[in-house]
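Proteins come first, then strands; the chains are lettered A, B, ... in the order of their sequence lines, and each starts at number 1. No experiment lies behind these values; they were computed from the predicted model shown.
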Number of protein chains: 2
Amino acid sequence: MKQRETLGPVENAVGYVLKQAAVALRGAMDDALRPLHLTVSQYSCLELLGQRPGLSNAELARGVFVSRQSMNLVLRGLEERDLVARAATAPRGRELPTELTAAGRDLLDAASAAVLAVQTTMCAGLTVARQQELLDTLTVCIRNLDGHP
Amino acid sequence: MKQRETLGPVENAVGYVLKQAAVALRGAMDDALRPLHLTVSQYSCLELLGQRPGLSNAELARGVFVSRQSMNLVLRGLEERDLVARAATAPRGRELPTELTAAGRDLLDAASAAVLAVQTTMCAGLTVARQQELLDTLTVCIRNLDGHP
DNA sequence: TGCTTCATGTCAGCATCCTGACATACAGTG
DNA sequence: CACTGTATGTCAGGATGCTGACATGAAGCA
């Protein structure tokens with residue numbers, strides 16, 4: 001492998017490094033979740049459902065930052081594997097609340113552990129205070145950006 | 001619009017916020033670049049070529065964190081619009097160095113300004129020191145992650 | 001020299017996610 | 001009550017990115 005040195009000025013751009021970090025994290029999560037036959041989107045959906053049972057498709061989509069249509073596909077795949085169960089009728093509006101099945105919760109537990117390991121790896125060498133500052137700073141960036149829609 | 005309050009525990013996960021920030025940034029860049037008829041990938045390619053003329057397809061792909069195949073398509077689109085020019089023959093190996101055309105550089109200048117504005121918006125209210133710490137922390141995260149391939 | 005290894009460019013197929021569109025269900029207002 | 005606006009689930013089509021595969025060119029080594 002011909003190791004390539006870093007690129008230069010672009011490395012100093014926040015956006016560039018942010019994208020690089022997101023790509024690296026996604027790759028690591030993919031690797032960690034592959035043994036469980038879960039994609040990152042599927043895991044994100046399960047995790048959200050674990051924390052907030054009864055979320056509808058549209059709510060899940062917003063929580064995972066994808067479109068309703070994409071989340072719909074994810075949800076169908078999970079339903080086919082009996083990891084989640086969707087209500088057959090809509091108790092309010094057109095919302096179809098979704099919940100984890102027992103199998104879904106079991107798989108989620110394993111997946112959460114795997115993802116936690118990834119996050120621990122990622123944050124190795126960072127103090128809790130520094131992690132918190134990272135969180136806070138990113139939150140500021142997010143708010144600054146979606147203030148301009 | 002029924003404003004939904006924040007989700008809860010997942011918001012405390014570094015990975016979650018990181019993904020959210022990357023999505024928000026990409027959206028803002030898309031908006032900023034749309035008037036120039038450039039996608040984020042195309043802009044990234046131009047920016048990299050502007051800073052490092054003569055990069056090959058594979059080198060560009062690594063720099064933008066996409067596959068060679070994807071970068072190949074981006075490059076063809078840019079070449080069709082006469083924004084870049086690829087060498088017809090390979091001076092070394094199979095590498096085909098690419099450079100910006102005059103039109104490409106002009107468009108890149110406009111695009112750079114638009115993206116800089118986005119970055120400025122994103123970092124509003126952050127001191128230079130805090131931006132630098134963000135950069136440093138993310139760099140640590142990246143190194144931690146790709147140390148496990 | 002020949003063999004192995006690696007990197008590159010490119011083709012093909014597949015997966016994922018998006019936008020656009022439509023019908024339905026509820027809330028608010030006249 | 002009818003009308004408007006908003007939110008949801010879903011279908012269709014298209015854009016984008018990926019993996020797998022192949023042939024070519026260069027470098028290293030026996």
Side-chain angles (χ1 to χ4, degrees), chain A residues 1-5 19-20 22-24 26-31 33-34 37-45 54-80 84-98 149, chain B residues 1-5 19-20 22-24 26-31 33-34 37-45 54-80 84-98 149:
Chain A
M1 176 76 78
K2 175 168 54 173
Q3 182 57 19
R4 184 145 202 94
E5 59 277 6
K19 177 175 180 179
Q20 187 177 3
V23 168
R26 180 169 190 108
M29 286 180 66
D30 268 327
D31 292 342
L33 292 171
R34 192 168 303 120
H37 303 287
L38 281 178
T39 66
V40 173
S41 295
Q42 288 172 331
Y43 158 73
S44 303
C45 179
L55 284 186
S56 70
N57 177 32
E59 291 168 319
L60 285 168
R62 279 191 294 267
V64 182
F65 316 115
V66 297
S67 65
R68 289 180 315 227
Q69 295 87 337
S70 296
M71 180 52 69
N72 206 331
L73 290 181
V74 171
L75 226 40
R76 287 189 196 180
L78 294 175
E79 195 177 16
E80 226 168 85
V84 305
R86 304 186 74 177
T89 66
R92 195 185 68 213
R94 302 197 63 185
E95 295 184 12
L96 298 177
T98 308
Chain B
M1 178 75 78
K2 177 169 52 174
Q3 182 58 15
R4 184 145 201 92
E5 59 276 6
K19 177 175 179 178
Q20 187 177 1
V23 169
R26 180 169 188 105
M29 285 179 67
D30 268 327
D31 293 341
L33 292 171
R34 191 168 304 119
H37 304 286
L38 281 178
T39 66
V40 173
S41 295
Q42 289 172 330
Y43 158 73
S44 304
C45 179
L55 284 186
S56 71
N57 177 32
E59 291 168 319
L60 285 168
R62 280 192 293 268
V64 182
F65 315 115
V66 298
S67 65
R68 284 173 312 191
Q69 296 86 334
S70 296
M71 180 51 70
N72 206 332
L73 290 181
V74 172
L75 226 40
R76 288 189 196 180
L78 294 175
E79 194 177 15
E80 227 168 83
V84 305
R86 304 186 75 177
T89 67
R92 194 186 69 214
R94 301 195 64 185
E95 295 184 12
L96 298 177
T98 308

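Atom-to-atom distance recorded for B:Asn57:CG and B:Arg94:CZ is 11.0 Å, nearest 0.5 angstrom. Rounding to the nearest 0.5 Å places OG of B:Ser41 at 12.0 Å from CG of B:Leu60. The CE atom of B:Met71 lies 10.0 Å from the OG atom of B:Ser56; values are rounded to the nearest 0.5 Å.
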Notebook entry, point to check: Would A:Val40 and A:Asp30 count as a side chain to side chain contact (heavy atoms under 4.5 Å, CB included) if you check the C-alpha gap in whole Å, the side-chain angles of each, and the deciding distance to 0.1 Å?
Noted result: CA-CA 6 Å; A:Val40 173; A:Asp30 268 327; 3.5 Å; yes
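Contact of A:Arg62 with D:dA7 (side chain to base): no donor-acceptor pair of N or O atoms is detected under 3.5 Å.
In this structure, of C:dG9, D:dT8, D:dT10, it is C:dG9 that holds the atom nearest to the side chain of B:Ala58.
Look at B:Arg76 and you'll find a side-chain N or O under 4.0 angstrom from OP1 or OP2 of C:dC11. In this structure, A:Arg86 reaches the D:dT10 phosphate: one of its side-chain N or O atoms is under 4.0 Å from OP1 or OP2. Using a 4.0 Å cut-off, some side-chain N or O of A:Asn72 falls inside it from OP1 or OP2 of D:dT10.
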Every protein N/O within reach of nucleotides 16-18 of chain C N/O, cut-off under 3.5 Å:
unit_1, atom_1, unit_2, atom_2, d
C:dC17, OP1, A:Ser41, OG, 2.6
C:dC18, OP2, A:Ser67, N, 2.7
C:dC18, OP2, A:Ser67, OG, 2.9
C:dC18, OP2, A:Ser70, OG, 2.8

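Sequence order on DNA chain C of the closest nucleotides to B:Pro97 and A:Ala90 puts B:Pro97 first from the 5' end.
Annotation: the terminal axes of the helix from C:dT1-D:dA30 to C:dG30-D:dC1 meet at 20°, where each axis is the rotation carrying the C1' atoms of four end pairs onto the next four (5 pairs per end, rounded to 10°).
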